[in-house]
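Note: hydrogens, waters and symmetry copies are ignored here, and every other heavy atom, side chains too, is used. Within every chain, numbering begins at 1; the chains are lettered A, B, ... in the order of the sequence lines, protein sequences first and strands thereafter. In this text the structure is predicted, and so the values were computed from the model without any measurement.
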There are 2 protein chains.
Amino acid sequence: MRLIVARCEVRYTGRLNAVLPNALRLIMIKSDGSVMVHADTGGYKPQNWMTPPTVIEESEGRMVVRKLKGDDRLDIEISEIVSDVTHDMGEAAALEKDGVERDLQELLAEQPHWCGEGLRLVRREWPTDIGPVDLMCRDADDEWIAVEVKRVATIEAVEQLTRYLERIRQDPAMGACRGVLAAQTIKPQARTLAESRGIACVEVDLAVLRGEREPELTLFA
Amino acid sequence: MRLIVARCEVRYTGRLNAVLPNALRLIMIKSDGSVMVHADTGGYKPQNWMTPPTVIEESEGRMVVRKLKGDDRLDIEISEIVSDVTHDMGEAAALEKDGVERDLQELLAEQPHWCGEGLRLVRREWPTDIGPVDLMCRDADDEWIAVEVKRVATIEAVEQLTRYLERIRQDPAMGACRGVLAAQTIKPQARTLAESRGIACVEVDLAVLRGEREPELTLFA
DNA sequence: ACTTAGATTTCGCCG
DNA sequence: CGGCGAAGTCTAAGT
């Protein structure tokens, strides 16, 4: 990884055009060809960048980064170099995440009763022609239930599930299929829209699903 | 800006849990409190990070970054420091962009005929109770046309325009309002859904709108 | 303070 | 390789 602290002006042309006026910034060049231009503020995001695969040309006071395919182009004009160091970092193992939507879906697939009493799983990722339904279940009366799983459920999740239900119900055998929206958090507006469309809402707790915590019972029992 | 190259192990707990095994990485700390952990590959995105506002505690071989509000927490355990430098960068002027959705909307507002023959603009950002329609126009027959502008139009853009049309048509005077989806790129599924709902699709070219390029005519005229 | 919509979204999976 | 959906999305703007 190469770290250059320099006074520079940066131009990006490609999907749009963008200009960074001359100022002191960090230019980070990774060994995979990624180039990022960071200011000392602005958090997280580089002010300008190019993702691999790239071709980097360097000449006196100038660096041109091109995308291997396409017209994207980053022009860095360097007027003063404060520091320029390179570090060999070797391989860094990838990030291991836990608690994303997929984990939630897996846990609910194992314990579908959290989505509704007496539910049993028929299939995960039930295919429709507009995409897969997260969980397809049947209840004690053998009625079909389509479950959409989200970490945070917004109005869009309700629209998504509505589209699926529309398609599923076209099959006469599943004309009575109901919808359930299961999420760690359900936005109030999403809940309102869902209920107005007859879609049930279930807020689930990851720790409870894992048996690490008791489910909260009625507050004033 | 402080740049630390170090062998470290990083744990994030908050919205989810994530672990980065011990390896050589760059720890970037901006003066606004942003903390990013970058590997030498992986482009653009830090492997782990915390956006401001943060509180940073540092002790021997350990750094704890907490969000000022909330339970988010980054634990960096440092086993070896290769380099640790700080640079005063001052202020860096912001990025100036050109070619984002707003520019597209402005250009189409000036030349609404690209959205349909004989169209004239009534108003940009036409207000409805669920948000503003990008462009509201009338055609040669004085019929209303609601235009949704996107850089890249997905199925969500169609849903958005559909919601607007639903509301607009509740007004008896606008009961026949038509919808047009205008974008630089329209995804196939979005086009299919739009057309099945009677919404017209128009792909527009920024360079053509600016008169920098001739519109492509029929290929085999 | 909270919500909504855009982004050079990026990223990963699956066809 | 393209399309689609998730993301610790992030970020800016509006209410």
Taking the minimum atom-to-atom distance to the side chain of [X], which one of [options] wins?
| X | options | result |
| --- | --- | --- |
| A/R15 | D/dT11, C/dG6, C/dT10 | C/dT10 |
| A/E101 | D/dA6, C/dA7, C/dT3 | D/dA6 |
| B/P188 | D/dT11, D/dG3, C/dT10 | D/dG3 |
| B/V100 | D/dC4, D/dA7, C/dA7 | C/dA7 |
| B/Q160 | D/dG3, C/dG6, C/dT8 | C/dG6 |

Going through the checks in order, is the salt bridge (charged side-chain N to carboxylate O under 4.0 Å, His left out) test met by A/R123 and A/D134?
CA-CA 9 Å; A/R123 189 189 162 163; A/D134 288 333; over 6 Å; no

If I take atom [atom1] in residue [X] and atom [atom2] in nucleotide [N], what distance separates them, rounded to the nearest angstrom?
| X | N | atom1 | atom2 | answer |
| --- | --- | --- | --- | --- |
| B/W49 | C/dC11 | CH2 | P | 11 Å |
| A/R124 | D/dG5 | CZ | P | 17 Å |
| A/E96 | D/dG8 | CD | P | 14 Å |
| A/K69 | C/dT8 | NZ | C1' | 19 Å |
| B/R102 | D/dG14 | CZ | C1' | 11 Å |

If you assign A/K150 and B/T51 each to the DNA chain D nucleotide with the nearest heavy atom, which residue ends up on the more 5' nucleotide?
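Between the two, 5'-proximity favours A/K150.
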
Please compare A/Y164 and B/Y12 by the position of their nearest nucleotide in DNA chain D and report the one closer to 5'.
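Taking each residue's closest nucleotide, the earlier one in sequence belongs to A/Y164.
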
Between [X] and [Y], does at least one N-O distance fall below 4.0 Å, as a salt bridge requires?
| X | Y | result |
| --- | --- | --- |
| B/R210 | B/E110 | no |
| B/R197 | B/E195 | no |
| B/R66 | B/D72 | no |

Span that lies between the [atom1] atom of [M] and that of [N], in whole angstrom:
| N | M | atom1 | result |
| --- | --- | --- | --- |
| D/dA7 | D/dT11 | C1' | 14 Å |
| D/dG14 | C/dT8 | C1' | 24 Å |
| C/dT10 | C/dG6 | C1' | 14 Å |

Now, which nucleotide makes the Watson-Crick or G-U wobble pair with D/dG8, with each of the two distances under 3.5 Å?
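Its partner: none found.
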
Return whichever of B/Y44 or B/G99 has its heavy-atom-nearest nucleotide of DNA chain C closer to the 5' end.
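Its nearest nucleotide being more 5', the pick is B/G99.
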
Using heavy-atom distances to pick each residue's nearest nucleotide on DNA chain C, tell me which of B/K45 and A/E156 is more 5'.
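The residue closer to the strand's 5' end, by nearest nucleotide, is A/E156.
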
Quiz question: by atom type and distance under 3.5 Å, do the side chains of B/Q160 and B/K150 form a donor-acceptor pair?
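On atom types as modelled, these side chains qualify, holding a pair under 3.5 Å.
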
